[in-house]
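As structure tokens, the structure follows; a few thoughts come after it.
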Amino acid sequence: SYRASAGLRESYQRQGKFIEAEKILKKMLKLTPGNDILYLKLGKLYRFNIPVPDRYFRAEELFKKAIELNPANYAAYDELGALYRFNLPGRLPEAEVLFKKAIELSPKSERAYVGLGELYLNQGKFYQAEEILNKLLELNPQHGWGNKAINILYQEMNRIGIAEVSKKKPDKPEFNE
């Protein structure tokens with residue numbers, strides 16, 4: 001049955017038997033080809049656990065299929081954004097758009113804020129990073145990475161001599177006449 005297959009797949013995955021888990025997910029997809037969650041799970045399996053040369057491209061196609069089947073699946077946007085951010089060089093602009101879409105679909109998704117905040121921080125986009133990190137910390141003031149990242153942000157800004165970000169950025173530059 002479907003439920004038994006899902007349990008067996010989870011068991012295989014926990015045991016590190018990823019090829020067996022992959023086979024079960026593919027069988028489940030044959031039974032329910034419109035199940036976006038299965039595409040998402042198979043994509044994650046390829047991204048993290050199946051050591052084949054084209055695994056990231058397979059994961060990309062599976063995440064895209066999950067989005068096609070369910071455009072409201074914020075986790076698929078987040079996973080695809082993370083794939084572009086970490087595993088497929090040159091895809092950072094797309095990653096940014098995907099993280100923003102994940103946040104739009106699920107404004108309380110801490111993971112999407114982490115992805116977007118880290119992206120901005122690593123790109124040196126300090127104002128955007130601060131905005132996203134503050135939203136993350138509003139959701140969860142105890143978020144370990146969020147607190148660490150905001151401290152790193154302020155340290156980096158002090159190192160390069162930028163005024164403290166928390167002071168609002170002026171809408172228009174002020175000029176002395």
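What you see is a predicted model; the values in this text were computed from it and never measured. Both backbone and side-chain heavy atoms feed into the values below; hydrogens, waters and symmetry mates do not.
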Under 3.5 Å, is there a donor-acceptor pair between the side chain of Asp78 and the main chain of Tyr74?
no
Determine, step by step, whether Leu92 and Tyr84 satisfy the side-chain contact (heavy atoms from CB on, under 4.5 Å) criterion, reporting the C-alpha distance in whole Å, the side-chain angles of both residues, the deciding distance to 0.1 Å, and the verdict.
CA-CA 6 Å; Leu92 295 181; Tyr84 289 164; over 6 Å; no
Indicate, with yes or no, if Leu98 and Leu116 share a hydrophobic cluster defined by side-chain heavy-atom contacts under 4.5 Å among Ile, Leu, Val, Met, Phe, Trp and Tyr.
no
Is there a side-chain hydrogen bond (donor to acceptor under 3.5 Å, both in side chains) between Tyr120 and Glu131? Walk through the geometry before answering.
CA-CA 10 Å; Tyr120 286 149; Glu131 179 183 353; over 6 Å; no
May I have the step-by-step check of side-chain contact (heavy atoms from CB on, under 4.5 Å) for Asn73 and Ile67, ending in yes or no?
CA-CA 6 Å; Asn73 184 337; Ile67 290 168; 5.7 Å; no
Flag the pair Glu104 and Lys100 as a salt bridge only when some basic side-chain nitrogen lies within less than 4.0 angstrom of an acidic carboxylate oxygen.
no
Backbone of Pro107 reached by a side-chain donor or acceptor of Tyr113 within 3.5 Å
yes
Is it the case that one hydrophobic cluster holds both Leu80 and Ile37, taking links as side-chain heavy atoms less than 4.5 Å apart, direct or via other members?
no
Count the heavy atoms belonging to other residues, nucleotides or ligands that lie under 6.0 Å from CZ of Phe18, then report whether that count exceeds 12.
yes
Would you call Glu138 and Lys135 a salt bridge, using N to O less than 4.0 angstrom?
no
Give the minimum heavy-atom separation between Ala66 and Leu40, together with the two atoms involved.
CB-N, 4.1 Å
Does the distance from a Lys or Arg side-chain N to an Asp or Glu carboxylate O, for Glu79 and Lys41, drop under 4.0 Å?
no
Output, in order, the C-alpha distance, side-chain angles, deciding distance and verdict of side-chain contact (heavy atoms from CB on, under 4.5 Å) for Lys65 and Glu60.
CA-CA 9 Å; Lys65 183 67 176 178; Glu60 177 185 27; over 6 Å; no
Measuring only between side-chain heavy atoms, which start at C-beta, is Glu22 closer than 4.5 Å to Tyr46?
yes
Within a reach of under 6.0 Å around NZ of Lys27, are more than 12 heavy atoms found that belong to other residues, nucleotides or ligands?
no
Is there side-chain contact between Arg47 and Phe86, with at least one heavy-atom pair below 4.5 Å?
yes
Same apolar cluster: Ile160 and Ile152, side chain cutoff 4.5 Å
yes
Glu96: which of Lys125, Arg85, Gln128 passes side-chain contact (heavy atoms from CB on, under 4.5 Å):
Lys125
Trp145 side chain near Leu133 side chain, heavy-atom distance below 4.5 Å
yes
With heavy-atom distances below 4.5 Å as the criterion, would you say the side chains of Phe63 and Lys44 are in contact?
yes
Checking side-chain hydrogen bond (donor to acceptor under 3.5 Å, both in side chains) for the pair Gln155/Arg159: CA distance, chi angles, key distance, verdict?
CA-CA 6 Å; Gln155 288 171 8; Arg159 186 184 70 76; over 6 Å; no
Would you mind checking if Arg58 and Glu61 are paired as a salt bridge, meaning a charged N to carboxylate O distance below 4.0 Å?
no
Checking the side chain of Asn151 only, and the main-chain atoms of Asn147 only, is there a donor and an acceptor separated by less than 3.5 Å?
yes
For the pair Arg55 and Asn87, evaluate side-chain contact (heavy atoms from CB on, under 4.5 Å) and give the outcome as yes or no after the intermediate values.
CA-CA 10 Å; Arg55 72 190 210 179; Asn87 307 112; 5.8 Å; no
Quick check: does any side chain N or O of Asp54 sit under 3.5 Å from a backbone N or O of Phe57, one acting as donor and the other as acceptor?
no
